[in-house]
There are 2 protein chains.
Amino acid sequence: MVDELAEPNILALENQVCFALAIAARTVIGLYRPLLEPLGLTHPQYLVMLALWQESPRSVKNLSAALSLEPATLSPLLKRLEAAGYVTRERSSSDERMLDLTLTPAGRALREVALTIPPRVASALNMSVPELVQLREVLHGVIASTATTSAAAA
Amino acid sequence: MVDELAEPNILALENQVCFALAIAARTVIGLYRPLLEPLGLTHPQYLVMLALWQESPRSVKNLSAALSLEPATLSPLLKRLEAAGYVTRERSSSDERMLDLTLTPAGRALREVALTIPPRVASALNMSVPELVQLREVLHGVIASTATTSAAAA
DNA sequence: CGCATATCATTAGTGTACTAACTAAATCCG
DNA sequence: CGGATTTAGTTAGTACACTAATGATATGCG
């Protein structure tokens, strides 16, 4: 009651960056759902495929660092990608603690199909390329800020 | 191979807005975790509390619209908030199909504690207030773009 | 060499979050 | 009155994402 005058904004839902971030992320990932569904991929799986298309034999640890996902999250996810036939999981011959994650021919071929996805998402977003670039830059700023924070804390 | 020259960027992880969005959301929500843990709230539960602090007797449907969360997601979440003693769930007297979600005294009191959270998150983000406002505006732009898209599609 | 430590992957358990299909109660309207 | 709609809940299934513990392999030091 009094608070609504004394503290009008601090806890208002519309003013929370975290709220906007959570909704925007869910919304945008939702845009990918129908596009990825024909490829048999979820959005996190798509991100893993993007990482593997950039560099193919990678370890779980390496992927974990690249995607900021815990190994515990990636492990079952990678098994699903293996079951889908896009990836093979083999112990590294040089260090048997590590797993060599390698694209199968089907996984490599999927890249051609995936090339159509970013333009379709961009058009679904109704945003110009400069706007998208600005958004990405701002988000990278957030990620970088928190990265330095946690590094300083550690 | 050839693609890496012909299509250098389209599928690069660093260029994906969705990737930046997913990481930023996870990272920022992660900042809340230690702050919300003493209150016994998860981040989605915190968003529900924010909504109830703004307007207290609300229905599930109303919350669902405000938070862009499905009733099927809210239903178990609200039961946890009830179990925590922050919310009561009672059938509306005027329309027994609806649930009146009301703050308990403990739920209302929690707001005072919550007032300390946004500034602490802001400082953890290492971003200036104008930067945070810009980020929020850009994100609201994303949400609005997709909202109009789905409205047009529907 | 051999044990302690570190690293990497996996598992278990909890908690969202989504879709989809279905139940059930209450209200609205013809 | 009676069917259609609305609202909430439930269930089943899939998939993240986290923490913490476990297992297995490497490595390094005495």
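Excluded from the calculations below are hydrogen atoms, water molecules and symmetry mates; all remaining heavy atoms, backbone and side chain alike, are included. Worth saying up front: this structure is predicted, and the values here are computed from it rather than measured. Reminder, nothing fancy here: chain letters follow the sequence lines and each chain counts from 1.
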What pairs meet the ring-ring contact (aromatic ring centres under 6.0 Å, His included) rule with one or both residues in residues 16-37 of chain B, with sequence neighbours excluded?
-> B:Tyr32-B:His43, B:Tyr32-B:Tyr46
When you check the side-chain N and O atoms of B:Thr116 and B:Arg120, is any donor under 3.5 Å from an acceptor?
-> yes
Select from A:Leu99 and A:Arg26 the residue whose nearest nucleotide in DNA chain C is closer to the 5' end of that strand.
-> A:Leu99
So what does [X] hit on the nucleic acid, given a heavy-atom distance under 4.0 Å: a base, only sugar-phosphate, or nothing?
X	value
A:Leu74	nothing
B:Thr42	sugar-phosphate
B:Pro71	nothing
B:Glu37	nothing
B:Ser92	nothing

Under a 4.0 Å heavy-atom criterion, DNA chain C is touched by chain A from C:dT7 to C:dC18
Check whether [X] reaches the backbone of [Y] with its side chain - one donor and one acceptor, N or O, closer than 3.5 Å.
X	Y	answer
A:Gln16	A:Leu13	no
A:His140	B:Glu14	yes
A:Ser75	A:Ala72	no

Taking the side chain as C-beta and beyond, is there a heavy-atom pair between A:Leu41 and A:Leu81 under 4.5 Å?
-> yes
Sub-4.5 Å side-chain heavy-atom contact between A:Asp100 and A:Arg58 | no
Run the side chain to side chain contact (heavy atoms under 4.5 Å, CB included) check on A:Val142 and B:Glu131 step by step: do they pass?
-> CA-CA 10 Å; A:Val142 175; B:Glu131 284 176 319; over 6 Å; no
Taking for each residue the nucleotide of DNA chain D bearing the nearest heavy atom, is the 5' side occupied by A:Ser93 or by B:Lys79?
-> B:Lys79
By nearest nucleotide on DNA chain D, pick out whichever of B:Ser59 and A:Pro44 is the more 5' one.
-> B:Ser59
Would you check, one step at a time, whether the test side chain to side chain contact (heavy atoms under 4.5 Å, CB included) holds for B:Leu52 with B:Tyr86?
-> CA-CA 10 Å; B:Leu52 289 176; B:Tyr86 293 141; over 6 Å; no
Min and max contacting nt of DNA chain D in 5' to 3' order, chain A heavy atoms within under 4.0 angstrom, are D:dA15 to D:dA26
